[in-house]
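Structure, as structure tokens:
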Amino acid sequence: MKIEISDLIFEVKENIRCYEELGDKTADKWEKEFMSWIEKAKEKKIKSVSFEKDGIFFKIKDEEEVMEIADEYCDAVFSGSVKAYWEKFK
């Protein structure tokens with residue numbers, strides 16, 4: 001299944017905002033870092049990202065994976081391992 005990047009960003013940010021101690025600032029930081037990762041994905045031809053004429057899409061197994069992306073990022077923020085999160089991000 002694939003999801004448009006703008007929809008993925010919206011959903012992940014909404015899930016990050018569920019953590020009261022993180023909120024908008026952390027959600028916006030994830031978006032900025034994700035867009036940077038997308039640019040690198042274009043160069044590296046990462047299989048989970050497809051660049052099509054009608055948009056950019058991210059491949060996921062199911063909708064639960066969107067929540068996992070957010071939860072893993074929040075865990076990385078809490079543990080101080082955000083750099084490692086992006087290094088292993090699909």
Side-chain angles (χ1 to χ4, degrees):
M1 144 179 216
K2 63 183 181 179
I3 183 172
E4 191 168 356
I5 289 295
S6 60
D7 293 335
L8 176 70
I9 290 170
F10 176 81
E11 294 296 327
V12 170
K13 287 177 71 173
E14 285 297 304
N15 282 292
I16 291 172
R17 287 183 183 108
C18 291
Y19 290 83
E20 290 179 24
E21 59 272 21
L22 298 179
D24 290 335
K25 191 173 185 178
T26 303
D28 291 342
K29 185 175 182 195
W30 179 85
E31 179 180 10
K32 181 179 176 186
E33 292 169 348
F34 178 70
M35 292 309 296
S36 177
W37 181 86
I38 286 292
E39 286 302 314
K40 292 175 187 169
K42 185 185 273 186
E43 296 169 10
K44 294 180 180 179
K45 298 184 187 226
I46 293 176
K47 293 179 183 179
S48 60
V49 180
S50 61
F51 297 88
E52 301 175 17
K53 61 182 173 183
D54 57 337
I56 303 171
F57 297 88
F58 192 82
K59 295 175 187 163
I60 58 174
K61 292 177 281 187
D62 53 34
E63 292 192 19
E64 189 172 305
E65 189 173 354
V66 174
M67 291 177 14
E68 290 172 9
I69 291 169
D71 289 343
E72 288 173 9
Y73 184 76
C74 293
D75 290 345
V77 169
F78 291 131
S79 67
S81 59
V82 172
K83 183 177 180 181
Y85 169 87
W86 290 113
E87 288 172 355
K88 68 176 188 156
F89 195 79
K90 339 172 189 203

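Scope of the values below: all heavy atoms of this structure, side chains included, with no hydrogens, waters or symmetry mates.
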### Message
Test side-chain contact (heavy atoms from CB on, under 4.5 Å) on Lys32 and Ser36; report intermediate values, then the result.
### Response
CA-CA 6 Å; Lys32 181 179 176 186; Ser36 177; over 6 Å; no
### Query
Mind checking whether Phe57 and Ile69 sit in one hydrophobic cluster, side chains of I, L, V, M, F, W, Y counted as touching below 4.5 Å?
no
### Task
Would you sort out whether Val49 and Trp37 count as a side-chain contact (heavy atoms from CB on, under 4.5 Å), showing the intermediate values?
CA-CA 10 Å; Val49 180; Trp37 181 86; 3.5 Å; yes
### Task
Could you tell me whether the side chain of Lys59 and the main chain of Lys47 form a donor-acceptor pair under 3.5 Å?
yes
### Summary
On a heavy-atom basis, the closest approach of Ala27 and Arg17 is CB-CG, 4.2 Å
### Query
Just how far is it from atom CD of Glu11 to atom CD of Glu4, taken to the nearest 0.5 Å?
12.5 Å
### Query
Hey, mind stepping through Val77 and Ile16 against side-chain contact (heavy atoms from CB on, under 4.5 Å) and telling me if it holds?
CA-CA 11 Å; Val77 169; Ile16 291 172; over 6 Å; no
### Task
List the steps, then state whether side chain to side chain donor-acceptor pair (under 3.5 Å) holds for Glu33 with Tyr73.
CA-CA 11 Å; Glu33 292 169 348; Tyr73 184 76; 2.8 Å; yes
### Query
Is Glu63 close to Ile3 at the side-chain level, that is, under 4.5 Å between some pair of heavy atoms?
no
### Task
Take the angle between the ring planes of Phe34 and Phe58 and call it parallel below 30°, perpendicular above 60°, tilted in between.
perpendicular
### Query
How many angstroms lie between atom CD1 of Ile46 and atom NZ of Lys40, to the nearest 0.5 angstrom?
9.5 Å
#### Entry: Over all atoms of both residues, closest heavy-atom pair of Asp62 and Met1
CA-SD, 4.0 Å
#### Entry: salt bridge (Lys or Arg N to Asp or Glu O under 4.0 Å) involving Glu21 - partner list, sequence neighbours excluded
none
### NZ/NE/NH1/NH2 to OD/OE distance under 4.0 Å, Lys13 and Asp24
no
### Task
Could you tell me which residues satisfy side-chain hydrogen bond (donor to acceptor under 3.5 Å, both in side chains) with Glu72, sequence neighbours excluded, listed by chain and number?
none
### Task
Check whether any side-chain heavy atom of Phe51 sits under 4.5 Å from a side-chain heavy atom of Ile38, and report yes or no.
yes
### Message
If you apply the rule side chain to side chain donor-acceptor pair (under 3.5 Å), what do you find for Tyr19 with Asp71, and how did you get there?
### Response
CA-CA 9 Å; Tyr19 290 83; Asp71 289 343; 3.0 Å; yes
### Query
Is atom CZ of Phe10 surrounded by more than 12 heavy atoms (other residues, nucleotides or ligands) closer than 6.0 Å?
no
### Query
Given the rule that I, L, V, M, F, W and Y join up when any side-chain heavy atoms are under 4.5 Å apart, are Met67 and Trp30 in one cluster?
no
### Query
Once you round to the nearest 0.5 Å, how far does OG of Ser48 lie from NZ of Lys61?
12.0 Å
#### Entry: Candidate pair Ile9 and Met35, rule side-chain contact (heavy atoms from CB on, under 4.5 Å), full reasoning
CA-CA 9 Å; Ile9 290 170; Met35 292 309 296; 3.6 Å; yes
